[in-house]
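Single-structure report; data block below.
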Amino acid sequence: MPRPLSHRFFRRHTLQVAPDLLGCEVWVRRPGERVRRGRIVEVEAYRGFDDRACHGWRGETPRLRTFFGPGGHAFVYITYGIHAMLNFVTEGPDYPSGVLIRALESIPAADGPPLEADMRGPGLLTRAMGITRGLDGSDLRSGPVRARPGGLRPGERIATSTRVGVEYAGREAAALPWRFFIAGNPSLSRGRPTNPDRAAEFLAQRIRRRTEANHD
DNA sequence: CGGTCGATTAAT
DNA sequence: TTAATCGACCGC
């Protein structure tokens with residue numbers, strides 16, 4: 001694949017990394033299998049000790065080892081005993097932060113047919129891409145899971161909303177507009193709020209522009 | 001050492 | 001609206 005996203009890319013502020021991942025490509029190669037690809041259309045940011053929806057807010061535990069490590073690695077954990085969640089670790093080390101990949105769009109592959117499976121949800125996409133707990137901790141630049149630079153197509157806009165399923169974490173965390181998605185994209189996770197918060201959308205665009213200005 | 005609870009999904 | 005399903009975590 002072309003040059004994967006660098007460690008430097010992931011070791012920036014999580015709220016810059018998250019929107020920048022929209023349009024990028026996730027690439028998974030499992031032993032003896034063809035590469036599986038998808039285009040990122042929805043993500044969520046989880047960041048630090050003050051974000052009570054962030055698993056790491058209370059401190060490091062064995063399960064969160066990768067999450068507390070340096071940015072640029074895949075953090076995979078199981079939720080509800082069933083679903084693998086794919087996160088890209090950001091910032092760090094010793095600062096819990098990352099981006100949850102919530103939905104992928106099928107894209108044509110140069111070397112074969114596109115992945116047809118439904119990837120409109122964090123648990124669905126890991127199943128479709130063959131991502132398991134065993135990939136936890138792998139290096140996003142050189143390991144079996146990588147991200148390739150991408151971008152928005154003409155007319156595509158980034159929108160934000162509150163994160164999904166974090167009401168348990170309390171009002172403050174639940175109110176943060178840290179879900180980023182490509183507005184109106186048909187591959188967004190289903191049954192979820194898709195109405196963008198306009199003020200937050202504006203903020204996200206500003207963050208994005210500043211990031212591009214500092215592009216390496 | 002046991003009770004509780006998910007960054008979800010699919011079926012009722 | 002709820003079952004599935006299990007490991008991590010917390011509290012006793």
Side-chain angles (χ1 to χ4, degrees), chain A residues 10 13-15 17-19 21-22 24 26 38 40-69 71 73-92 95-106 115-137 140 145 147 159-182 185-197 200 204:
Chain A
F10 291 104
H13 194 293
T14 308
L15 294 181
V17 176
L21 281 170
L22 295 175
C24 293
V26 175
I40 301 174
V41 298
E42 177 181 341
V43 300
E44 281 173 357
Y46 289 87
R47 182 173 194 267
F49 301 98
D50 296 326
D51 173 12
R52 297 214 170 191
C54 175
H55 288 333
W57 77 273
R58 288 192 234 211
E60 186 174 351
T61 65
R63 163 201 190 219
L64 299 172
R65 184 178 155 72
T66 300
F67 196 52
F68 273 78
H73 295 261
F75 168 49
V76 182
Y77 71 92
I78 307 298
T79 190
Y80 294 96
I82 304 171
H83 307 290
M85 298 285 112
L86 172 64
N87 298 257
F88 292 165
V89 180
T90 57
E91 308 186 50
Y95 186 75
S97 56
V99 177
L100 171 68
I101 309 302
R102 287 193 56 87
L104 298 177
E105 177 185 78
S106 192
L115 199 50
E116 302 280 2
D118 186 358
M119 300 191 282
R120 295 177 294 173
L124 294 176
L125 75 88
T126 54
R127 188 173 69 185
M129 297 284 284
I131 292 167
T132 62
R133 184 93 226 275
L135 299 181
D136 178 58
L140 290 174
V145 182
T160 71
S161 75
T162 56
R163 296 169 294 181
V164 175
V166 300
E167 295 76 15
Y168 73 92
R171 195 172 146 183
E172 191 179 349
L176 296 173
W178 287 5
R179 172 170 174 255
F180 301 83
F181 55 99
I182 297 177
N185 188 286
S187 297
L188 298 175
S189 60
R190 298 166 298 178
R192 310 297 185 195
T194 53
N195 293 339
D197 176 299

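Numbered from 1 within each chain, the chains take letters A, B, ... in sequence-line order.
When rounded to the nearest whole Å, the span between CZ of A:R133 and C1' of C:dT5 equals 16 Å. In this entry the distance linking CZ of A:R63 with P of B:dG6 reads 12 Å, nearest Å. A:R102 has its CZ atom 5 Å from the P atom of B:dT8, to the nearest Å. Straight-line distance from the CZ atom of A:R47 to the P atom of B:dA7: 20 Å, rounded to whole Å. In this structure, A:R179 places its CZ atom 11 Å from P of B:dT8, rounding to the nearest Å. Atom CZ of A:F75 is separated from atom C1' of C:dA8 by 11 Å (rounded to the nearest Å). In this structure, CZ of A:R58 is placed 15 Å from C1' of B:dA7, rounded to the nearest angstrom. Computed from coordinates, the A:L100 CG to B:dG6 P distance equals 16 Å when rounded to whole Å.
Side-chain atoms of A:Y80 lie closest to B:dG6 of the nucleotides C:dC9, B:dG6, B:dA10. Of the candidate nucleotides B:dT9, B:dT8, C:dC10, B:dT8 has the atom nearest to the side chain of A:T79. In the set B:dT9, C:dT5, B:dA7, the nucleotide with an atom closest to the side chain of A:I82 is C:dT5. Listed nucleotides B:dA7, B:dT8, C:dC9 differ in distance to A:H83; the shortest reach to its side chain belongs to B:dT8. The side chain of A:Y168 lies closest to B:dG6 when the candidates are B:dG6, B:dT8, B:dT9. Among the nucleotides B:dG6, C:dA8, C:dC9, the one closest to any side-chain atom of A:P62 is C:dC9.
Here the rule is side chain to side chain contact (heavy atoms under 4.5 Å, CB included) with A:F10, and of A:V89, A:V17, A:V99 only A:V17 fits it.
In this structure, OG1 on A:T126 lies 13.0 Å from CZ on A:R133, to the nearest 0.5 angstrom.
The partner of C:dT5 cannot be assigned: no Watson-Crick or G-U wobble pair with both contacts below 3.5 Å exists in any strand.
For the pair A:R102 and A:F181, the cation-pi criterion (under 6.0 Å, within 45° of the ring axis) is not fulfilled.
The separation of B:dA10 from C:dG7, taken at their C1' atoms, amounts to 22 Å, rounded to a whole angstrom. Here, B:dG2 and C:dT5 have their P atoms 22 Å apart, quoted to the whole Å.
Around CZ of A:R63, the count of heavy atoms belonging to other residues, nucleotides or ligands within 6.0 Å exceeds 12.
OP1 and OP2 of B:dT8 both lie 4.0 Å or more from every side-chain N or O belonging to A:R190.
The minimum heavy-atom distance between A:E42 and A:L22, with the atom names listed, is N-CD2, 3.6 Å.
Among the protein residues, A:R127 comes within range of the sugar-phosphate backbone only, with heavy atoms under 4.0 Å from sugar or phosphate atoms but none that close to a base.
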